[in-house]
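The structure appears right after this line, and notes come after that.
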Amino acid sequence: MNFYLKNTLNFLFILNIIYLILIRNAVPIIGTRRDGVLKIATDIGGTFTDLVYTDEKGNLHFDKGHTTPGHFEDGILNVLGRHVTEDSLMESFIHGSTVIINTLTERKGGKVGLITTKGFRDILEIARGNRPDLYNFKYKKPEPFVERYLRQEIDERIDFKGNIMKAPNRNEVGEIVRQFKESGVEAIAISLIHGYKNPIHEQQLKEEIVKIWPEVYITLSSETIKEYREYERTNTTVLNSYVKPIAHAYLKSLKEKLSTVGITDHLKIMQSNGGTTSFDKAMELPINLVESGPVAGMFGAAKLGELLNESNIIAFDVGGTTAKCSLITDGKVNVTTDYYIERNEKFAGYPIKTPVVDIVEIGNGGGSIARVDQFGSLKVGPDSAGANPGPVAYGLGNTQPTITDANVYLGRLSLANFDNPISIDKVEEALVEAIAKPFNVSAEEAAQGILDIANSNMLNALKLISIRKGYDPEDFTMVAFGGGGPLHAINLAEELGMKKVIIPYGSSVFSALGMMMTEYRQDYIQTSLMGFDHAHLAEIQANIDQAIESAYADAPLSKEHYYFEINYDLRYKGQEHAVKLNASNITIDDEGLLQLAEAFHVKHKQEFSFDLPTTPIELVNLHITIYGKDEAVQFKELDFSHIDVSTCIKTKRNLYVKEKGWVEVNVYDQQKLAPGYVIAGPAIVENPTSTVVINEKQSIEIDKYGNLIVEMEGK
């Protein structure tokens, strides 16, 4: 009986969320012609699968469905099935997913065998000597994803200039494959020393393996990354092989199931670099999808900033499990190849040397559990209550308080948003037992303490991508989205001294919305160690031209559909670290060389606090990016002619204000606001899927695009 009741309540809660979104969105879904669905984007989260689509008039529509772990494609089909049929006029389908990152962190990938150059079998074991925690004498290096007996050597050698010193003995391949088969290997990674400079030996080994074992998944380092640094390159190649069987099965299944509702063409998936690629390419290089879902919101924030003339933005996304943030400067999302999974202040993590939008992510979301640790300190996250049982306020049996419960108890969230029989007494009981009693404080103080710790964790993440990199947050505007972003952003922005916070239209599904605004993108990075001077100018230009031709050859459409961007990774001669400089011009001359050199000195001083103007500069990598001129969805002005702002106050509610206690405030219905109507704080603004709490001396209003604009005190 309890099992039946629990699942019934879970179903009712999900049904209520769907119902609210269906009937209360600013652009209603009910009544939309099914054959008018043109462009679709879906984003899988830990709790819900988000859907955004456009109709034949270009209007945006939102919906959510329950995520189905283990068979994520079923969750997509469930939510799609309410709006798409075989008669729909489909133009494109874009998908974002956490399947790859989850496969890595949960260690659920395929069994991998590694083939490398003789003498380099232990490169994954040796890793890097620089460790994050210098005084941790119990520090352990990351365990390789490939056990030693599955790391095989082959006698070959290419030098750093790409010259062949010793050809591989192909007769060795048969014995290696035999051992791999006996060991149950599902995928093979081939990473040879200096393979980034000359891929010929890796290609020859692949040819031999395919002859013997055509069905095995194979990844070449030269197809994955063409940068030097053998440890990072080898680890990236191994991780691509590790996730390849899972990614292939998932995308193949999704492709088949999409065809049942008539979605067969123009299937795209979000990459970690902020662009899209085809399903087929994603199956070959799934490691490029490691941050597939989160980066779309960062890209959408940049597009929104462009629309609102805000070129410097801190994008802030809070979901049910994590909080993520990224810095956007001069309208550009920062893309890096220095990306790690599972890295923290005590663990070195695993490098992935592919282009990824620079994101800092922490385990603090709405479902993050608050607890008192063994040392008597209050901790929030990274453990999460997830979707089931979820926060105490869900009424599904959880007794551990979460960030959501703290927001509910302090009046920041309404219990009316939860379709279950839970009372505020249950939330209070959880707060008292877990937090208030151990610290001998009131339930209000316990809840406020949870929010203070959570906000402190989030604040540290925001400082990592701003202050720690030489940027003043006061020069930036925050764009906050996700289910919890709008709820926490105001206090965080206030702490950082920021001027403004923007809560975008459709904030709870903004990552999916960001996908609608992306375009085709592929990155071509090639290590090209040489002097950055006149003597090497012709060689630099020749390398650029070669990369551009390769990009055109891979692109699905003719040349007029694309444009390019170039980044130069530069360093002082003799240094280890490099600085990335952007240039939109695909040609370089002496004047451009001097301008980039001057910009390098400035940026190096900003990032590392010093410059060496008389020291020669070296080029490390050329980073060529090709973009498709897709007709991305644009933000549209909304129709407010039917809005009666006199009815925008929906109720009054008691709100707990730190250091003041309980204060009665107005609660406003966002869907009954119109441009020009200004709300002074303290106040609460709600829509069916998100809530904004503004403090005293702050104000909020809606713009013509449906975004909520919060002006901070004195700004």
Side-chain angles (χ1 to χ4, degrees), residues 318 320 323 364-373 375-381 383-385 389-395 398-418 420-459 483-495 650-668 680-686 690-698 713:
V318 180
N364 266 207
S368 293
I369 295 170
R371 69 193 187 284
V372 178
D373 69 9
F375 303 107
S377 299
L378 176 59
K379 300 290 184 182
V380 180
D383 295 335
S384 175
V392 177
Y394 280 20
N398 179 34
T399 59
Q400 297 176 289
T402 66
I403 294 175
T404 293
D405 296 313
N407 279 311
V408 167
Y409 190 74
L410 297 180
R412 297 165 64 84
L413 284 174
S414 172
L415 276 176
N417 291 335
F418 305 101
N420 48 59
I422 194 67
S423 69
I424 198 70
D425 294 336
K426 289 289 186 182
V427 176
E428 181 177 23
E429 181 182 343
L431 289 167
V432 168
E433 292 299 321
I435 310 298
K437 282 185 178 180
F439 289 107
N440 194 27
V441 297
S442 66
E444 288 89 347
E445 290 171 311
Q448 185 62 55
I450 292 172
L451 295 189
D452 287 345
I453 296 296
N455 284 341
S456 177
N457 294 337
M458 295 175 190
L459 190 66
L487 199 56
H488 293 266
I490 311 301
N491 289 336
L492 295 170
E494 192 173 41
E495 185 77 21
K650 57 193 297 188
T651 187
K652 289 182 179 290
R653 189 158 76 232
N654 286 330
L655 173 70
Y656 186 83
V657 179
K658 189 177 181 181
E659 298 177 353
K660 284 191 175 183
W662 292 100
V663 177
E664 187 178 62
V665 300
N666 289 329
V667 180
Y668 294 83
I684 298 173
V685 179
E686 294 182 338
S690 68
T691 300
V692 185
V693 180
I694 58 170
N695 303 320
E696 193 175 7
K697 297 182 181 179
Q698 296 172 350
E713 179 184 5

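Between the CD atom in Q448 and the CD atom in E659 there is a gap of 9.0 Å [rounded to 0.5 Å]. Atom OG1 of T691 is separated from atom CZ of R412 by 9.5 Å, given to the nearest 0.5 angstrom. Separating the NZ atom in K379 from the OG atom in S368 is a distance of 14.0 Å, to the nearest 0.5 Å. Distance check: S414 OG to E686 CD gives 5.5 Å after rounding to the nearest 0.5 Å. Taken from OG in S384 to CG in N364, the straight-line distance is 10.0 Å, to the nearest 0.5 Å. Atom CE in M458 sits 12.0 Å away from atom CD1 in I453 (nearest 0.5 Å).
Electrostatic pairing of D452 and K658 counts as a salt bridge here, judged by a charged N lying under 4.0 Å from a carboxylate O.
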For this session: For V318 and L487, run side chain to side chain contact (heavy atoms under 4.5 Å, CB included): C-alpha distance rounded to whole Å, both residues' side-chain angles, the deciding distance at 0.1 Å, then the answer.
Result: CA-CA 9 Å; V318 180; L487 199 56; over 6 Å; no
For this session: Could you give me the CA-CA distance, side-chain angles and deciding distance for N695 and E494, then say whether side chain to side chain contact (heavy atoms under 4.5 Å, CB included) is met?
Result: CA-CA 10 Å; N695 303 320; E494 192 173 41; 3.3 Å; yes
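For the residue pair A385 and N398, the shortest heavy atom distance occurs at CB-ND2, 4.0 Å. Scanning all heavy atoms of the two residues, the minimum distance from I435 to P401 falls at CG1-CG, 4.2 Å. Here the closest heavy-atom approach between residue W662 and residue L410 is recorded as CZ3-O, 3.7 Å. Nearest heavy atoms, I684 versus G411: CD1-O, 3.5 Å. Of all heavy-atom pairs between L378 and F439, the closest is N-CZ, 3.8 Å. Nearest heavy-atom pair across A683 and Y668 is CB-CE1, 3.9 Å.
Q698 places a side-chain heavy atom less than 4.5 Å from the side chain of I490. Put simply, the side chain of H488 reaches to within 4.5 Å of the side chain of I403, judged on heavy atoms.
A donor-acceptor pair under 3.5 Å links the side-chain atoms of R371 to the main chain of G381, judged by distance alone. No donor-acceptor pair under 3.5 Å is formed between the side chain of D405 and the backbone N or O of L431.
Within 6.0 Å of atom CG in N440, 12 or fewer heavy atoms from other residues, nucleotides or ligands are found, so the atom counts as exposed in its surroundings.
Here A406 pairs with A447, I450, L451 under the side-chain contact (heavy atoms from CB on, under 4.5 Å) rule; sequence neighbours left out. Every side-chain contact (heavy atoms from CB on, under 4.5 Å) that K426 has, sequence neighbours left out, goes to V392, I422, S423, E429. Here A436 pairs with V432, V441, A446 under the side-chain contact (heavy atoms from CB on, under 4.5 Å) rule; sequence neighbours left out.
Counted by atom type alone, N407 and T404 present zero donor-acceptor pairs between their side chains at under 3.5 Å.
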